[in-house]
Amino acid sequence: NTMSLPYVGRGGIIGLAAESTYGTAVARTNWLPLLPGSFISKTMNRQPRESLYTGARAPQGFFLEGSTVRGTLNFEATYENFGLVLKHVLGALNTSGTGPYDHAYSLGAVAPLSLTGELIRGSAPNSEIYEGLQVSRATISGRAGRIVQLRVDVVGETSQTPASAGTPSIGSGHSPIHGTQAGTISFDSDTFEPIDFELTISNNLVYPRRVMGSDVSKQAAARFSNVTLKVTREYDSETQYTEFVTGATSQLLWSFTGSGNNVMRLTLHGAYATGESPRRLANDGPLTQQITYVSDNDGSGTYNGCTIRMSNDNASGVAN
């Protein structure tokens, strides 16, 4: 007997669009290619009934306690294509300029924002549409010689029955942000070149929000956001150790410069170092330090905590 071949993950992509009403699906407009390890899954939490009146050793019957939607989406980060995602990661968007355009994504209200996502799992003919997706956490990471990656953790309301997959339409640009395009980090009148980094933005969503009358979560609420930047650098100075001990507070500035008008600028407002002291055990090669910076509200107004500014040729800050 012959067996049919399994579907493969080549061709994995997700289509996204901002919802007008939480949990009400809209047509997908922003299509983004996925990296391995990406998934969204729906969990149906079914529980056995507890009636004692049964003649068997096993419980009889079950009920649905509730369902949840969770997932992780992995991307190669680009200068032109992730505006919609960044707005839902950080909450606020302000666009200025007339070419290049400057799109500033800053900490704002993420709880009112939600996305519809259509996940195409490679060669499978059907896709699954997820409603009410909200970003619980995002991580931007990279190292010397590698393309910067973006990981987005999402939660959602529910999903539709798998149906024929839509037709992806890839946006223009897709210029990858590369480690070789990184400038120096500036903090407290000091500059240094990192070896690797991991920027984490946690929205600390309250999910699932359970109320009677429904087996799905209401729109997730948000606690304080936490933003941390973990970097590794070569150990050639006591400056960073001194800043760590004294609790120095400063704006942390860092930029990546691509071709044309493509620039990504990161600002941690009121940043300070935390955690273990920035030292490493001795070895016979270059010594390194790992430092974790935390963003703070420095009272500067709209752009407090964290800002990611993308300069490109897109007139819209949520373009694909």
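Because the structure is predicted, anything quoted here is derived from the model rather than measured.
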Are any of the side-chain heavy atoms of [X] and [Y] separated by less than 4.5 Å?
{"X": "S38", "Y": "I14", "value": "no"}
{"X": "S106", "Y": "L90", "value": "no"}
{"X": "L115", "Y": "L84", "value": "yes"}
{"X": "L119", "Y": "R121", "value": "yes"}
{"X": "D188", "Y": "T239", "value": "no"}
{"X": "K218", "Y": "Y22", "value": "no"}
{"X": "T200", "Y": "S141", "value": "no"}

Check: [Y] main-chain N/O paired with [X] side-chain donor or acceptor under 3.5 Å:
{"X": "Y79", "Y": "G173", "value": "no"}
{"X": "N203", "Y": "L205", "value": "no"}
{"X": "R137", "Y": "V135", "value": "no"}
{"X": "R233", "Y": "Q289", "value": "no"}

Inset, instruction - Take V85 and L73 through the test side-chain contact (heavy atoms from CB on, under 4.5 Å) and record every step on the way to the result. - result: CA-CA 11 Å; V85 174; L73 305 172; over 6 Å; no
Taking all non-hydrogen atoms of both residues, which atom of [X] and which atom of [Y] are closest, and how far apart?
{"X": "G270", "Y": "D296", "result": "O-CB, 3.1 Å"}
{"X": "S217", "Y": "P208", "result": "OG-CA, 3.5 Å"}
{"X": "N81", "Y": "G171", "result": "ND2-C, 4.1 Å"}

Inset, instruction - Kindly write out the residues that satisfy salt bridge (Lys or Arg N to Asp or Glu O under 4.0 Å) with R265, not counting sequence neighbours, or none if the list is empty. - result: none
Legend entry - D190: partners by salt bridge (Lys or Arg N to Asp or Glu O under 4.0 Å), with sequence neighbours left out: none
Sequence neighbours left out, cut at 3.5 Å: what donor-acceptor pairs do the side chains of residues 56-70 make with other protein atoms?
residue : atom : partner : partner atom : Å
Q60     : OE1  : T54     : OG1          : 3.4
E65     : OE1  : N45     : ND2          : 2.5
S67     : OG   : D215    : O            : 3.4

Check whether more than 12 heavy atoms from other residues, nucleotides or ligands sit under 6.0 Å from atom [atom1] of [X], and answer yes or no.
{"X": "Y7", "atom1": "OH", "value": "no"}
{"X": "Q47", "atom1": "CD", "value": "yes"}
{"X": "K42", "atom1": "NZ", "value": "yes"}
{"X": "R146", "atom1": "CZ", "value": "no"}

Inset, instruction - Mind checking side chain to side chain contact (heavy atoms under 4.5 Å, CB included) for Y241 and listing every partner two or more places apart, or none if nothing turns up? - result: E238, V245, S277, P278, R279
Inset, instruction - Please identify each residue that fulfils side chain to side chain contact (heavy atoms under 4.5 Å, CB included) with T95, with sequence neighbours left out. - result: L93, H103
Legend entry - Distance (rounded to the nearest 0.5 Å) between L133 CG and S114 OG: 8.0 Å
Legend entry - Distance in Å, T288 OG1 paired with D236 CG, rounded so as to fall on 0.5 Å steps: 11.5 Å
Legend entry - Partner of Y293 by ring pair (Phe, Tyr, Trp, His ring centres under 6.0 Å), out of W254, F197, F187: F187
Inset, instruction - With sequence neighbours excluded, give me every side-chain hydrogen bond (donor to acceptor under 3.5 Å, both in side chains) pair touching residues 159-168. - result: E128-S159, E131-Q160
Legend entry - No-hydrogen, no-angle side-chain donor-acceptor test under 3.5 Å, T232 and D196: yes
Inset, instruction - Pick out which of N262, N320, N261 makes a side chain to side chain donor-acceptor pair (under 3.5 Å) with E80. - result: N262
Inset, instruction - Check the angle between the aromatic planes of F82 and F75 and answer parallel, tilted or perpendicular using the 30° and 60° thresholds. - result: perpendicular
